[in-house]
Each structure stands twice: as structure tokens, then as C-alpha cells.
Amino acid sequence: MKSHAKAVVIGGGVVGCSVLYHLAKAGWNDIMLIERSELTSGSSWHAAGGFHTLNGDPNVAKLQAYTVQLYKEIEELSGQSCSLHLTGGVMMADTPERMDFLRLAHAKGRYLGMDTELITPSEAKAMFPLMDETNFVGAMWDPVEGHLDPSGTTHAYAKAARKLGAEIVLRNRVVELTQEVDGTWNVVTEQGTVKADHVVNCGGLWAREIGRMVGVELPLLAMEHMYLLTEPMPEVEEFNKSTGREMIGVMDFKGEIYTRQERNGILLGTYEKACKPWSPVNTPWDFGHELLQPDIDRIAPSLEIGFKHFPGIEKAGIKQIINGPFTFALDGNPLVGPVQGLTNFWCACAVMAGFSQGGGVGLALSNWMVHGDPGFDVWGMDVARFGEWATLRYTNAKVRENYSRRFSIRFPNEELPAARPAQTTPLYDTMLANNAVMGDSWGLETPLWFAPKGAEPKDIVSFHRSNDFGPIGEEVRATREKVGVTEIANFAKYEVSGPAAEDFLNRLMTNRMPKTGRIVLTPMLNEFGRLIGDFTIAKAGEERFMIWSSSAAQKYHMRWFEKHLPKDGPRASQVRIHRFDQTLVGLSIAGPRSRDLLQKLVDVDISTKAFRFMDFREMAVGGAPCMVNRITYTGDLGYEIWMAPAYQRLVYKAIKDAGEEFGLVDFGMRALLSMRLEKNFPTWFRELRPIYGPFEGAMDRFVKLEKNDFIGREAAAREQAEGPKLRRVSFIVDAADADVMGDEPIWANVGSKDYGTVEMPHGYGAPRFDTDGKEVRGSRAAEGASAVRGIVDGDWRVVGWVTSGGYAHYVQKSMAQGYVPAALAGDESAGLFEIEILGSRRPARINVEPPFDPSGEKMRT
Ligand SMILES: Cc1cc2nc3c(=O)[nH]c(=O)nc-3n(C[C@H](O)[C@H](O)[C@H](O)COP(=O)(O)OP(=O)(O)OC[C@H]3O[C@@H](n4cnc5c(N)ncnc54)[C@H](O)[C@@H]3O)c2cc1C
């Protein structure tokens with residue numbers, strides 16, 4: 001074993017081998033993988049080997065499609081077969097709600113380049129005759145599904161990596177990790193120490209233990225998972241013979257099962273409600289190529305439904321039940337990327353679908369390590385997306401919830417209950433007493449809306465407008481016409497200080513830094529000129545800046561700030577960054593009477609001239625020391641008031657008491673988001689994401705190319721010179737009783753006009769090969785499929801996608817924001833656009849000026 005490597009990958013499961021292959025392919029050949037036992041010694045060897053491209057996050061779906069495409073490549077390079085069976089598969093809906101869910105997934109597929117089709121239960125049965133189709137109301141067909149040999153696939157990655165110069169060391173456990181002052185890692189193994197510039201944790205079932213070697217508790221947990229294999233079945237053999245095809249894969253949400261052909265029989269797996277964690281605290285190092293004891297009682301309820309839905313399977317004899325552990329993060333997506341607070345320590349773990357995601361994870365991580373950027377929008381699997389609140393016990397509760405809901409619908413207004421409340425502000429009990437319906441905002445309980453007195457404070461979950469519609473309307477109207485107060489503790493807050501603070505921020509941000517006592521809004525870009533942040537910055541003193549941003553991006557942004565801190569030379573240690581998290585909390589008051597209200601609570605003049613729009617001031621509010629921004633996300637006259645938690649109750653009470661005479665109401669996060677819609681304000685992680693440039697995101701006025709050289713300036717200048725390809729726009733939608741939720745396709749009646757090819761950043765070309773290189777989709781179409789995926793319908797084309805939206809209560813319009821080709825972005829003509837909501841295309845019109853206070857007069861007053 002050599003004593004130095006540019007990178008050491010720990011773990012030889014499918015993910016470690018994929019990371020090794022991609023690093024080697026990117027040109028790093030001084031790399032090694034260290035495996036404690038043989039390759040596939042964690043969960044990889046006993047996987048069911050299924051793969052598919054569908055994922056709730058379009059960007060993760062894109063990486064899954066890449067994974068499937070990759071298998072041909074590694075087979076060719078390694079000479080090792082993956083035994084790929086690209087059969088295609090169906091998702092079965094048993095209720096109208098589930099069919100709505102499939103309609104949404106199918107609509108999303110239109111601009112993702114996916115070839116899904118909505119089909120009838122009988123059409124599904126024709127491809128999987130063991131089902132009783134009368135149990136279902138419909139189905140969605142996806143041609144890019146199938147199964148493979150997990151062990152062969154892992155070895156194919158490994159052999160391909162070796163061919164490109166990578167080294168693999170087996171039967172050698174990594175026992176310790178330490179770091180030198182110069183950043184070099186000492187990878188201490190049973191066979192000696194390797195010095196490495198980079199370390200990658202691909203430890204799978206032991207990823208937590210490897211994290212603990214560097215003081216990090218990774219939020220993942222292994223769960224027991226069972227699937228059964230039947231004896232050979234004559235029905236299967238008969239189907240194969242008569243059609244010349246294999247039976248397809250089937251996902252049955254109601255039964256929480258997946259099933260497919262395996263050899264001459266059937267494989268059937270369950271995501272049972274009564275799920276069970278495995279090794280919840282420590283993973284034993286002596287766990288090897290072992291299986292766990294099957295527990296048929298646990299999966300009995302799923303099997304009962306399964307046998308009813310697929311009576312053909314019930315008759316078969318069970319040959320074997322496999323029970324094995326594999327890991328999950330809180331939301332079921334992987335944990336990938338550099339760990340904040342450490343240097344050159346990378347993660348690629350909690351990959352629960354290694355054979356759908358392993359390739360994409362390897363590609364994104366290797367890009368990140370070699371080029372400094374993952375090259376995709378990987379927020380959905382970024383290790384930075386969870387905060388310190390994701391402790392071992394929190395993770396245990398959330399992973400169990402996620403596993404047991406794997407096949408459940410998550411409605412757009414649905415808040416999940418496990419591990420809550422975690423963090424609360426001092427106002428939590430007060431908000432509950434006010435009949436607040438609370439939501440989880442990055443681990444913090446936050447009021448969403450207030451139920452009327454006497455009504456149960458609870459969401460009725462739905463894809464349609466629900467029981468919050470009326471009360472949110474009341475909150476919005478009262479705020480717009482009088483004054484409202486809301487909690488804003490769920491913002492990220494930072495302080496950047498020191499002699500080089502301003503230079504540092506000028507290098508990171510696209511806008512000029514404000515003068516003392518003033519505020520600016522500014523995006524932040526990566527080197528490729530893509531949006532990686534959107535901030536409100538106040539200059540609080542000569543060398544002190546206060547910064548606010550999206551709560552969920554706190555670790556993501558801290559990682560970026562730390563990476564760009566001046567490390568050497570005269571500027572080193574001249575910048576300090578402090579993240580407040582919940583040590584600073586806030587309240588916002590908004591509406592035409594908000595100044596009158598605030599004036600009663602402060603002893604300074606806050607008239608229009610004395611305290612202007614976008615001013616920042618430190619002042620006592622109701623007797624408590626606070627920082628006050630004259631700005632609000634409602635886009636009205638209003639203020640954000642920031643204080644230490646110890647003062648929050650005092651300030652809230654003062655506001656409530658003083659507000660009585662002005663008709664003050666409490667409003668929640670949903671009313672706030674409704675009000676920002678009618679101002680065309682974007683949100684971080686929906687409208688603004690790393691797949692868009694600042695001009696595409698319509699952030700033009702916050703980008704000052706002529707100021708100093710900031711990160712991403714060159715790319716942004718290019719975007720401006722060439723003109724953005726896409727453009728963020730706001731729509732008014734002629735909706736019925738359901739508003740957009742995000743990710744819906746936007747259609748345009750473009751006729752024969754050519755708007756150029758718009759490369760959709762989510763988009764990918766779905767692979768269309770089977771093991772013989774034939775088109776799989778063609779074979780289903782030949783059977784007379786009733787529906788064909790459409791991105792063209794006469795003169796209509798799918799030209800874009802919705803990022804978010806909802807009902808704008810004050811202007812009483814259903815609104816949506818999204819991206820369309822820039823050439824279409826200014827066209828407000830009626831009849832040009834339609835937005836597909838739950839399978840129905842609704843007329844929509846671009847609204848260039850915000851419908852509420854288009855001149856911005858109210859907020860400047
Ligand atoms: C019953 C079952 C069915 C499944 N079905 C599917 C399916 O159909 N489709 C799908 O995509 N996925 C499926 N999975 C999940 C799939 O198995 C995992 O996604 C995948 O195996 C994760 O791979 P990994 O490389 O991250 O982890 P692992 O396979 O656990 O690999 C980690 C490796 O790291 C090594 N290691 C750990 N610590 C050290 C150390 N300190 N030093 C050296 N080496 C170390 C281990 O020995 C191990 O070989 C299934 C899992 C189970 C249990």
C-alpha cells in the first residue's frame with residue numbers, strides 16, 4: 001500500500017467505487033479506495049438491484065437518469081457485465097388523490113425530458129398480468145426503470161477505476177483520521193498510515209462511525225429492509241414465452257410494495273409502516289456479509305394488500321426472504337459534498353438507492369473535488385442541508401417517519417409530525433394559545449397561519465385550496481389595510497466584522513455594500529456566474545455588517561464564506577463571521593399603520609425622512625435593545641425588528657398592546673408568502689437556485705458589474721452581453737380550486753415561431769436503450785399505449801416550468817412564478833400561455849409589473 005494519495009475513498013460499496021471511478025475519469029490517478037473487507041461488504045451485496053429515474057426533486061432525478069445511462073459505459077470499459085434489465089415500470093394509483101400525484105409527476109416529466117405516460121390499469125396489467133387491475137384507478141408508465149446485478153455493477157465501477165489508474169486496497173479498515181496543520185489528512189489503517197490531501201466518506205452502514213472520527217455526527221440511520229423471492233412461476237415463464245419480454249417493475253403505493261420479475265419468479269419488497277432501525281447508535285465493525293433474521297409479521301399487513309392486488313403472486317411458493325440494513329438521511333436523499341467546518345473532508349453517504357443514484361453522486365462529488373463545483377444543482381442531496389438540530393435521536397425519529405411514508409403522498413400543505421417540536425422561540429406557547437398552526441422551518445417551529453377561535457388549528461391536507469384559505473385571506477387583508485405582526489426567527493442571520501469585512505463582502509456579493517445605516521439586497525454567485533445566495537445586508541458600523549438570508553441555507557452559506565475567508569497575507573484574520581441561528585430572533589410588523597404602531601414603542605423619530613425605506617438603526621423597541629430594518633418581505637410599509645430571545649416576549653407584548661388601536665392582527669408564514677407573490681418577489685431555493693444566472697433570475701438591478709471584481713463577475717458579464725436564455729416571470733393564472741405548487745409545466749401557443757432551443761437546466765435526455773440497445777419505449781407504444789408524453793400539442797409547446805406560486809389574497813388572483821425563454825418573457829398577451837395544474841391546462845398571463853403597489857410607493861412612504 002502506498003503512503004500518499006491525492007484522495008482516499010473509504011468504503012468499497014457501490015457508492016465508493018463510483019466515486020473512485022469518477023475521480024479517475026476526471027484525471028486524478030493518484031487515488032486509492034480502502035475497504036475494510038471485500039468490495040460490497042455493506043448493504044450493496046444484498047440489494048434488490050432495482051433502479052428508476054423518478055425523484056421528487058427534479059435535480060436529483062436528473063442525476064438518477066445519468067446513473068442509468070452510465071451502466072453501458074462502465075460495462076464497456078471494465079468488461080464486467082452489470083446484468084442490466086431495462087424493463088420499464090409502472091406506478092399504480094388506487095385513489096383519485098394518488099392519480100393527482102401521478103399527474104403531477106407526469107407533468108413534471110414533460111420538461112425533464114422523461115418519457116412517462118399515464119395509462120389505464122388494464123394497460124398496466126398487460127405488462128404485469130399477475131395483478132388484479134380492478135384495485136386501481138390508473139397508472140404511470142416509465143420506460144427508464146429496471147434492475148441489475150448489484151455485485152457485478154459494483155465490480156464494474158471498481159474495474160473501470162483500476163483501468164484508469166486508481167488503486168484499491170482490500171481487507172484494511174480505516175481506524176482513525178487526523179489532520180495536520182497544513183491540512184494533510186492522516187488516514188490511519190490496519191496496514192499503516194496514508195497521507196492524503198482529500199478524504200471521502202463512502203462508509204455506507206459505517207458512515208456515522210467515520211464521521212465521528214472527525215467529530216461530525218452525520219444525520220443518517222440504517223433501517224432493516226425485507227424483500228422476498230418466489231419459486232419459479234409458470235405464469236411468468238408463459239408470459240416471457242408468449243411476449244418475448246420480461247415482466248415489468250410495479251410500484252404499488254397502497255400496499256407499500258414494489259415487485260418485478262426475478263429469474264423465473266417474482267421479487268417483492270416492502271416499505272412497511274412498522275419499520276425497524278438497525279444499530280441505531282453504533283454499527284458493529286464485525287458485521288460482514290450477513291443477513292438479518294426475517295420478520296414476516298412485520299411485513300404481513302403489506303403482504304396482505306399485496307396479495308390482494310397481485311393475486312398471481314400469492315399462489316407462488318416463497319423461496320427466500322432477504323432482510324438487510326441500508327442507510328437513510330432524514331428526507332431519504334443522500335448526503336453529499338464537503339462538510340462545513342472541515343477542509344477537504346467529503347461525504348457520499350446515506351445513498352438509499354445506490355443503483356439509481358450512485359453514478360450521479362459519484363459524478364457530482366468528483367466534479368466538486370476536482371473543479372470546485374458539483375456542476376449540477378445538488379441542493380437536494382447536499383450534506384449541508386441539515387443543521388445541528390439533526391441529532392442522533394432526531395434523525396432516528398425522522399428516518400423512521402420517512403421510511404414508513406416512502407410510498408405515501410406528501411401534500412403541498414402537509415407538515416410532518418416526527419421529532420417535533422425541536423427548536424422553539426420564546427413565543428411558541430403564545431402562538432399556540434393564539435391558535436397558530438405551526439410548521440417546521442429548518443428545525444424551528446414557525447407559525448404558518450392562525451385558525452379562527454374555536455376551530456381546531458390543523459391543516460386539512462390537499463392538492464386543492466384547503467381550510468387555511470379563508471383565514472390566510474383575513475390575515476392578508478388586515479395587514480394590507482391596517483397592520484400585522486409575524487415571527488421571523490426562521491431567517492438566517494450573520495454578522496461579518498473586522499477591518500477587511502467590507503472588502504470580503506464586496507468580493508462575494510454582486511451589489512455594492514451599503515453606507516453605514518443603510519441596507520442593500522444582493523445576490524451571491526459562484527465562479528460560473530450561477531446564483532448561490534440572496535442576501536439582505538445592513539452596514540451596522542464602520543467594520544460591522546448584519547446579514548439576513550434563507551434559514552435552510554445556513555450551513556451551505558457558512559461553508560462558502562469559510563472557503564473564501566482571507567487565509568494568508570495581511571488580510572488574514574481581519575474578517576470574523578458569526579452565525580446567530582436562534583441566538584437572534586425577530587418580529588416583523590407590516591401594513592399602512594405599522595409606522596404609527598412602531599412610533600409608540602420607540603423614543604426616536606421614525607418619520608419617513610428620519611427613518612427611510614432601506615434604513616437600518618439600532619434602537620430600543622418597547623424597552624428592549626433591538627436592530628430595526630425598514631424593509632419587509634410583504635412589500636408594504638413595514639419593519640423587521642431583531643432582538644435577543646430573552647427580549648422577544650417583551651417586544652411582542654408591546655407590539656400587541658400598542659397595536660390594538662390600529663386593528664393589529666397576527667399573520668403567519670403563508671400570508672407572508674402570499675403577499676410576496678403579489679409583489680413578484682422571488683424566494684431562495686425556488687426561483688433562485690444555482691441553475692440560474694442573475695439575469696435569468698431577473699435580479700439585474702442588484703448586479704453591479706462595474707464595481708470591484710467579485711466572484712462570478714466574468715460569467716455574469718458574459719450572461720448580460722449574450723442576453724439571458726431564460727427569464728423569471730410572474731403569471732396570473734385562471735385557476736379553478738387548485739393553485740400551482742411548483743414544478744408544473746408552462747405551455748405557450750408559439751405556432752411556427754422559433755424561440756431558439758432553451759436548455760432547461762433541470763433537463764436531461766432520458767436514456768432509451770435496453771440491454772440490446774433497442775428502444776424500450778417503442779415496444780410499449782407498439783402495444784397500443786393510449787397516451788403519449790407531450791411537449792408539443794398543435795401550436796402549443798412546453799416552454800418552461802413553474803418554480804412556486806399560490807393565491808395572492810389581496811389582489812385576489814392565483815399567481816405563479818417560473819422560467820420561460822427570455823424572448824417570451826415580456827409578452828403579456830392573453831391566450832399565449834397555459835399552466836398545467838393537476839392535469840388541466842389553465843390560461844395564464846405574464847404580469848410584468850407586480851399587481852400590488854407596482855410603483856413601490858407604499859413601501860417607500
Ligand atoms: C434488502 C435491501 C434491498 C435493497 N434494494 C435496493 C434496490 O433495489 N435498488 C437500490 O438502488 N438500492 C437498494 N438497496 C440499497 C443499496 O443497497 C444501497 O443504496 C447501497 O448499497 C449503498 O451503497 P454504499 O456504497 O453507500 O454503502 P455500503 O454498501 O454499505 O458500502 C460501504 C462500504 O464501506 C466499507 N467501510 C465502512 N467503514 C470502513 C472503514 N472504516 N474502513 C474501510 N472500509 C469501510 C464497508 O465495509 C462497505 O463495504 C437495498 C438495500 C437492502 C438492504
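Both counts, for ligands and for their atoms, begin at 1 and track the order of listing. Along the sequence shown, residues carry numbers from 1. Being a predicted model, the structure only gives us computed values, none of them experimental.
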Handout entry: Contact partition for Trp206 relative to ligand 1, non-hydrogen atoms under 4.0 Å
Key = side chain
Exercise for the section: Report the member of Ser43, Ser37, Gly12 with the shortest heavy-atom distance to atom 28 (P) of ligand 1. Expected result: Ser43
Practice task
Determine, step by step, whether Glu224 and Arg298 satisfy the salt bridge (charged side-chain N to carboxylate O under 4.0 Å, His left out) criterion, reporting the C-alpha distance in whole Å, the side-chain angles of both residues, the deciding distance to 0.1 Å, and the verdict.
Solution key: CA-CA 11 Å; Glu224 292 192 12; Arg298 229 175 51 232; 3.4 Å; yes
Exercise for the section: List the steps, then state whether side chain to side chain donor-acceptor pair (under 3.5 Å) holds for Asp149 with Ser81. Expected result: CA-CA 8 Å; Asp149 167 20; Ser81 167; over 6 Å; no
Practice task
Determine whether the side chain, the backbone, both or neither of Ile210 has a heavy atom under 4.0 Å from any heavy atom of ligand 1.
Solution key: side chain
Handout entry: Atoms of ligand 1, numbered as shown, that sit under 4.0 Å from any heavy atom of Ser356
Key = 11 (O)
Problem - Gly324 neighbourhood, listing ligand 1 atoms whose heavy-atom distance to it stays under 4.0 Å - result: 53 (C)
Practice task
State the atoms of ligand 1, each with its element, that fall below the 4.0 Å cut-off from a heavy-atom position in Ile10.
Solution key: 39 (C), 40 (C), 42 (N), 43 (C)
Completion exercise
For Tyr227, the ligand 1 atoms with a heavy-atom partner under 4.0 Å come out as 1 (C), 3 (C)
Exercise for the section: State whether Tyr403 and Arg400 meet the cation-pi test: NZ (Lys) or CZ (Arg) under 6.0 Å from the six-membered ring centroid, and within 45° of the perpendicular axis. Expected result: no
Fill in the blank from the handout: Quick note on ligand 1: atoms under 4.0 Å from a heavy atom of Ala48 include exactly 3 (C), 4 (C), 5 (N), 6 (C), 7 (C), 8 (O)
Exercise for the section: Please say whether Val14 places an N or O atom under 3.5 Å from an N or O atom belonging to ligand 1. Expected result: yes
Exercise for the section: Determine, stepwise, if the pair Asn172 / Thr189 fulfils side chain to side chain donor-acceptor pair (under 3.5 Å). Expected result: CA-CA 6 Å; Asn172 185 26; Thr189 77; 3.1 Å; yes
Problem - Any Asn201 side-chain heavy atom under 4.5 Å of Val216 side chain - result: no
Handout entry: salt bridge (Lys or Arg N to Asp or Glu O under 4.0 Å) against Arg385, all qualifying residues, sequence neighbours excluded
Key = Asp331
Completion exercise
A student comparing Thr153, Val174, Thr67 should find that the heavy atom closest to atom 42 (N) of ligand 1 comes from Val174
Completion exercise
To atom 7 (C) of ligand 1, the nearest of Ser44, Gly249, Gly50, Cys17 on a heavy-atom basis is Gly50
Practice task
Nearest heavy atom to atom 32 (C) of ligand 1 wins, so pick from Ala350, Gly203, Ala207.
Solution key: Gly203
Practice task
For Gly42, counting its heavy atoms only, list the atoms of ligand 1 lying under 4.0 Å from any of them.
Solution key: 28 (P), 29 (O), 30 (O), 48 (C), 49 (O)
Exercise for the section: May I ask you to check whether Phe51 has an N/O atom sitting below 3.5 Å from an N/O atom of ligand 1? Expected result: no
Problem - 4.0 Å heavy-atom contact, Cys349 with ligand 1 - result: no
Exercise for the section: Could you check Lys555 against Asp382 for salt bridge (charged side-chain N to carboxylate O under 4.0 Å, His left out), going step by step and ending with a plain yes or no? Expected result: CA-CA 10 Å; Lys555 289 201 138 198; Asp382 194 325; over 6 Å; no
Practice task
Considering the heavy atoms of Val351, write down every atom of ligand 1 situated less than 4.0 Å from one of them.
Solution key: 18 (C), 19 (O), 22 (C)
Practice task
Find all atoms of ligand 1 within a distance of less than 4.0 Å from any non-hydrogen atom belonging to Arg173, and give their numbers and elements.
Solution key: 41 (N), 42 (N)
Exercise for the section: Report yes if the side chains of Leu177 and Ile10 come closer than 4.5 Å at any heavy-atom pair, otherwise no. Expected result: yes
Problem - Ring geometry between Trp206 and Trp285 (parallel below 30°, tilted from 30 to 60°, perpendicular above 60°) - result: parallel
Problem - Check: Arg36/Ser41 side-chain N/O donor and acceptor closer than 3.5 Å - result: no
Practice task
Return yes or no for this condition: an N or O of Met226 is under 3.5 Å from an N or O of ligand 1.
Solution key: no
Completion exercise
min-distance protein heavy atom vs atom 43 (C) of ligand 1 -> Arg36 N, 3.1 Å
Practice task
Report yes if some heavy atom in the side chain of Met381 is under 4.5 Å from a heavy atom in the side chain of Leu63; otherwise report no.
Solution key: yes
Practice task
Tell me which one of Ala47, Cys202, Ser18, Ala348 gets a heavy atom nearest to atom 16 (C) of ligand 1.
Solution key: Ala47
Handout entry: Polar proximity ligand 1 side, Glu38 side, N/O cut 3.5 Å exclusive
Key = no
Exercise for the section: Answer yes or no for Trp285: is there a heavy-atom contact with ligand 1 below 4.0 Å? Expected result: yes
Practice task
Report yes if the side chains of Phe386 and Tyr394 come closer than 4.5 Å at any heavy-atom pair, otherwise no.
Solution key: no
Problem - Any N or O of Ser41 closer than 3.5 Å to N or O of ligand 1 - result: yes
